[in-house]
Amino acid sequence: IVAVLEPRSNTMKLGAVIMPTTTALGTADLEDRLRRGTVRHVIARTEDAEKFTEDDLAPVLIAVGGAPGWLDYAETAEAPDGPLPHPRTKADDRLLLYFTSGTTSRPKLVEHTQTSYPVGHVTTMRWIGVRPGDVHLNISSPGWAKHAWSCFFAPWNAGACVFIYNYARFNAEAVLSTIARCGV
């Protein structure tokens with residue numbers, strides 16, 4: 001299982017189970033998720049690496065931008081660029097693990113299969129109205145299920161482009177200006 005705090009990671013083709021996690025979490029919440037998700041690999045931004053303690057570290061740590069004691073994500077560019085063998089996943093195999101918000105109690109771990117998320121979001125594609133050739137922007141954080149619905153599966157199902165606007169703090173004027181300038 002891979003806990004992903006960096007949205008650029010694409011591990012689905014490897015057959016890995018992905019646990020997208022918001023960068024807003026602190027050390028205690030991350031420790032809990034690593035333990036309950038039985039995480040074996042963590043991919044995180046450099047600035048988030050310090051949130052992980054020695055006691056809760058997964059065996060493989062990859063930092064986007066590098067961090068002491070972590071593998072550097074940039075080194076993946078040196079990997080062979082050939083096709084990978086199919087991981088032989090089945091429809092009912094795990095694909096994504098999400099945690100609920102935990103607003104009324106401890107966050108619950110929710111499992112999604114190879115079928116439930118990608119196929120289930122054909123309805124999301126229709127609901128948000130994304131069509132082939134569209135340029136789609138979603139501002140949900142990568143740690144929340146809405147991010148996967150609207151940033152990956154619905155646009156992929158439709159054959160649309162996903163537009164990524166990278167920002168540290170939401171600014172409505174800047175987002176609107178970017179949408180207008182880029183034709184989103």
Side-chain angles (χ1 to χ4, degrees), residues 1-103 105-121 138 140-153 156 162 164 166 168:
I1 295 178
V2 179
V4 180
L5 270 75
E6 168 53 42
R8 297 179 198 171
S9 300
N10 184 353
T11 57
M12 286 180 267
K13 290 182 180 180
L14 299 174
V17 178
I18 307 164
M19 192 172 77
T21 307
T22 179
T23 57
L25 293 180
T27 298
D29 289 322
L30 289 169
E31 287 176 357
D32 177 58
R33 290 171 191 228
L34 290 174
R35 184 181 46 74
R36 288 199 282 154
T38 60
V39 172
R40 296 191 310 246
H41 296 73
V42 172
I43 302 170
R45 300 176 308 173
T46 300
E47 58 267 32
D48 292 313
E50 65 188 25
K51 295 178 182 180
F52 297 87
T53 65
E54 292 297 322
D55 295 336
D56 64 20
L57 295 178
V60 179
L61 305 168
I62 304 166
V64 178
W70 291 54
L71 299 171
D72 190 337
Y73 184 78
E75 293 175 16
T76 62
E78 299 168 16
D81 195 21
L84 296 172
H86 190 282
R88 303 286 180 233
T89 52
K90 296 183 275 322
D92 60 348
D93 285 348
R94 291 170 138 192
L95 172 63
L96 289 160
L97 298 179
Y98 276 104
F99 280 83
T100 61
S101 63
T103 51
S105 65
R106 184 176 176 206
K108 313 273 185 303
L109 179 62
V110 180
E111 176 181 300
H112 297 279
T113 67
Q114 294 282 333
T115 302
S116 68
Y117 232 74
V119 174
H121 290 291
N138 174 49
S140 296
S141 169
W144 306 113
K146 172 67 173 137
H147 182 266
W149 301 340
S150 292
C151 285
F152 294 105
F153 298 112
W156 285 349
V162 177
I164 304 296
N166 191 15

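Residue numbers start at 1 and run along the sequence shown.
- Thr46 contributes a side-chain N or O that, together with a main-chain N or O of Gly65, makes up a donor-acceptor pair within less than 3.5 Å.
- Under the 4.5 Å side-chain criterion, counting only non-hydrogen atoms from C-beta, Met19 is in contact with Arg33.
- In this structure, Ile18 CD1 and Leu97 CG are separated by 9.5 Å, a value rounded to the nearest 0.5 Å.
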Chi angles and distances behind the side chain to side chain contact (heavy atoms under 4.5 Å, CB included) call for Gln114, Asp92: CA-CA 6 Å; Gln114 294 282 333; Asp92 60 348; over 6 Å; no

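- A distance of 9.0 Å separates NE2 of His41 from CG of Leu71, quoted to the nearest 0.5 Å.
- In this structure, CG on Asp72 lies 13.0 Å from CG on Leu61, to the nearest 0.5 angstrom.
- The shortest side-chain heavy-atom distance between Leu95 and His112 does not fall under the 4.5 Å cut-off.
- Of all non-hydrogen atoms in Ser116 and Thr113, the two that sit nearest each other are OG-N, 2.8 Å.
- In this structure, the side chain to side chain contact (heavy atoms under 4.5 Å, CB included) partners of Thr100, at least two apart in sequence or on a different chain, are Pro107, Lys108, Val110.
- Using modelled atom types, one side-chain atom of Thr115 and one backbone atom of Ala91 make a donor-acceptor pair closer than 3.5 Å.
- Take Arg88 and apply the side chain to side chain contact (heavy atoms under 4.5 Å, CB included) test, not counting sequence neighbours, and it matches His86.
- Residues Ile62 and Ile43 meet the side-chain proximity criterion, which asks for heavy atoms closer than 4.5 Å.
- The shortest side-chain heavy-atom distance between Phe99 and Arg36 falls under the 4.5 Å cut-off.
- With contacts defined as side-chain heavy-atom distances shorter than 4.5 Å, the pair Leu30/Thr21 qualifies.
- Using a 4.5 Å heavy-atom cutoff, the side chains of Leu96 and Pro20 are in contact.
- Listed here is the closest heavy atom pair of Ala67 and Ala49: CB-CB, 3.8 Å.
- For the side chain to side chain contact (heavy atoms under 4.5 Å, CB included) test, residues two or more places apart in sequence or in another chain that qualify with Asp29 are Leu25.
- In this structure the side chain of Val42 reaches within 4.5 angstrom of the side chain of Trp70, judged on heavy atoms.
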